[in-house]
*Asks:* 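Please see the structure below; I have some questions.
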Amino acid sequence: MNTNSNVYTIVYAAVVVVVVAFLLATVSSVLKSRSDANVRIDTKKQILASLNIRGVANEDVEARYDQVIKEELLVDTSGKILADKGGFDIPRKEIKAEFNKLPVFKAQVEGAQKYVIPLVGKGLWGGIWGYLSLNDDAKTVYGAYFSHESETAGLGALITEEKFQDQFKGKSIYDTAGEIALSVVKHGTASQDDINKCDGISGATLTGNGVDAMLKDYLKLYGKYLSSIQSQQVDSVKK
């Protein structure tokens, strides 16, 4: 074949593209299992962090998670339990009302029942998400964890820090009228005595608004399931 011809150039380019595509596909396939394992470990670390269990080494995460998390339920917006397993396998992008399969992680921490629910929202520049753990009363916060895709370093990205997340401990998700009221407010306007409000981050109002909206949206989605837990506890006390 004439190496100076157009046909040679096209064939050569096509062969190179095919070879490179094959190599990339092979590498991706080889690394996929490792990548998936890393994602699972990172997600489990986030769930544990929402239960105030932090700093677990990667090699110990699976064992610690299995020790703490007792059930990975799937519920719907009516509060009905759809399945007693499979909650961990629901992709974050599918934890929405339209899919109506909501994960709930039931945990035992220091002998007490905890409930962990995932949260998904939008910050200033991209997606934000997190996990909120509730005490056995399904009313008060035990712990919280938040993360983000691309919030501003030193500002919105501070939602990943314990200083911000620790504010949620002990807060009530309801006000005195029984309405969902857990919120993130403008920096400097919340006090330690507020039972529902957490202080926002200075200079990151829009990220704080995103966390606030995310909390309200998902506490509403899980509202009937949480109410069913509260009703069971009332019935148990009466008995």
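Keep in mind the model is a prediction, meaning the values are calculated, not measured.
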*Asks:* Within this structure, what is the NZ-CG distance for the pair K186 and N209, rounded to the nearest 0.5 Å?
*Replies:*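 With rounding to 0.5 Å, NZ (K186) is 11.0 Å from CG (N209).
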*Asks:* If you group Ile, Leu, Val, Met, Phe, Trp and Tyr by side-chain heavy-atom gaps below 4.5 Å, do V185 and I128 land in one group?
*Replies:*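 No, separate clusters.
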*Asks:* Please check if any side-chain donor atom of D76 sits under 3.5 Å from a side-chain acceptor atom of S78, or the reverse.
*Replies:* yes
*Asks:* Hey, does the side chain of D66 reach the backbone of A63 with a donor-acceptor pair shorter than 3.5 angstrom?
*Replies:*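 No, because the side chain of D66 does not come within donor-acceptor range (under 3.5 Å) of the backbone of A63.
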*Asks:* Mind checking the OH-CG spacing from Y222 to L134? Nearest 0.5 Å is all I need.
*Replies:* 11.0 Å
*Asks:* Find out if a path of hydrophobic residues (ILVMFWY) with successive side-chain heavy-atom gaps under 4.5 Å connects V211 to I195.
*Replies:*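 Unlinked, V211 and I195 end up in two clusters.
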*Asks:* Do I159 and Y218 sit in the same hydrophobic cluster, where Ile, Leu, Val, Met, Phe, Trp and Tyr count as joined when their side-chain heavy atoms come under 4.5 Å apart?
*Replies:*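 Yes, I159 and Y218 fall within the same hydrophobic cluster.
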*Asks:* Working to the nearest 0.5 Å, report the span between CG of L51 and CD1 of I69.
*Replies:* 5.5 Å
*Asks:* Which heavy-atom pair separates D136 from I229 by the least distance, and what is that distance?
*Replies:*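 So the two residues come closest at O-CG2, 4.2 Å.
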*Asks:* Could you tell me if the side chain of L124 sits less than 4.5 Å from the side chain of L155, heavy atoms only?
*Replies:* no
*Asks:* Just wondering, do I180 and Y174 contact through their side chains at under 4.5 Å, heavy atoms?
*Replies:* yes
*Asks:* Restricting to non-hydrogen atoms, name the atom on S50 and the atom on V116 that form the minimum distance, rounded to 0.1 Å.
*Replies:* OG-CG1, 3.6 Å
*Asks:* For residues E151 and L158, determine if any side-chain heavy atom of one lies less than 4.5 Å from a side-chain heavy atom of the other.
*Replies:*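 No - every pair of side-chain heavy atoms lies 4.5 Å or more apart.
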*Asks:* Hey, is NZ on K197 packed in by over 12 heavy atoms from elsewhere, all under 6.0 Å?
*Replies:* no
*Asks:* Does the side chain of N196 pick up a donor-acceptor pair with the side chain of K171 at under 3.5 Å?
*Replies:* no
*Asks:* With distance as the sole test, does N135 use its side chain to make a donor-acceptor pair with the main-chain N or O of D137 at under 3.5 Å?
*Replies:* no
*Asks:* Could you list the donor-acceptor pairs under 3.5 angstrom formed between side-chain atoms of residues 89-106 and any protein atom two or more places apart in sequence or on another chain?
*Replies:*
from: N100; atom 1: OD1; to: T77; atom 2: N; distance (Å): 2.9
from: N100; atom 1: OD1; to: T77; atom 2: OG1; distance (Å): 3.2
from: K106; atom 1: NZ; to: E71; atom 2: OE2; distance (Å): 3.4

*Asks:* Any side-chain heavy atom of Y225 within less than 4.5 Å of one from I81?
*Replies:*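 Y225 vs I81: side chains touch.
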*Asks:* Rounded to the nearest 0.5 Å, what separates atom CG in L182 from atom OG1 in T140?
*Replies:* 11.0 Å
*Asks:* Could you work out, with side chain to side chain contact (heavy atoms under 4.5 Å, CB included) as the rule, every residue matching K70, not counting sequence neighbours?
*Replies:* Q108
*Asks:* V56, Y131: one ILVMFWY side-chain cluster at the under-4.5 Å cut-off?
*Replies:* yes
*Asks:* Any sub-3.5 Å donor-acceptor pair from Q46's side-chain atoms to G130's backbone N or O?
*Replies:*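 It does not hold such a pair.
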*Asks:* Can you tell me how far the CG atom of N38 sits from the OG1 atom of T43, to the nearest 0.5 Å?
*Replies:* 10.5 Å
*Asks:* With distance as the sole test, does Q165 use its side chain to make a donor-acceptor pair with the main-chain N or O of T160 at under 3.5 Å?
*Replies:*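 Yes, the answer is positive, given that a donor and an acceptor are paired below the 3.5 Å cut-off.
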*Asks:* If you take all heavy atoms of H187 and I201, which pair is closest and at what distance?
*Replies:* CB-C, 3.9 Å
*Asks:* Rounded to the nearest 0.5 Å, how far does CD of Q167 lie from SG of C198?
*Replies:* 5.0 Å
*Asks:* Output yes when D212 and K216 qualify as a salt bridge under the 4.0 Å nitrogen-oxygen rule, no when they do not.
*Replies:* yes
*Asks:* Has Q113 got a side-chain atom pairing as donor or acceptor with A107's backbone, closer than 3.5 angstrom?
*Replies:*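 Such a contact is found between Q113 side chain and A107 backbone.
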*Asks:* Are V120 and I47 connected, step by step, through hydrophobic side chains (Ile, Leu, Val, Met, Phe, Trp, Tyr) whose heavy atoms are closer than 4.5 Å?
*Replies:*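 Per the 4.5 Å side-chain linkage, V120 and I47 are not co-clustered.
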*Asks:* Can you tell if the side chain of N52 reaches within under 4.5 Å of the side chain of V109, non-hydrogen atoms only?
*Replies:* no
*Asks:* What pairs of residues pass the ring-ring contact (aromatic ring centres under 6.0 Å, His included) test when at least one of them lies in residues 141-165, not counting sequence neighbours?
*Replies:* F146-F164, F146-F168, F164-F168
*Asks:* Minimum heavy-atom separation for A204 to G156, with atom names?
*Replies:* CB-N, 3.5 Å
*Asks:* Between L215 and V184, what is the shortest heavy-atom contact and its length?
*Replies:* CD1-CG2, 4.1 Å
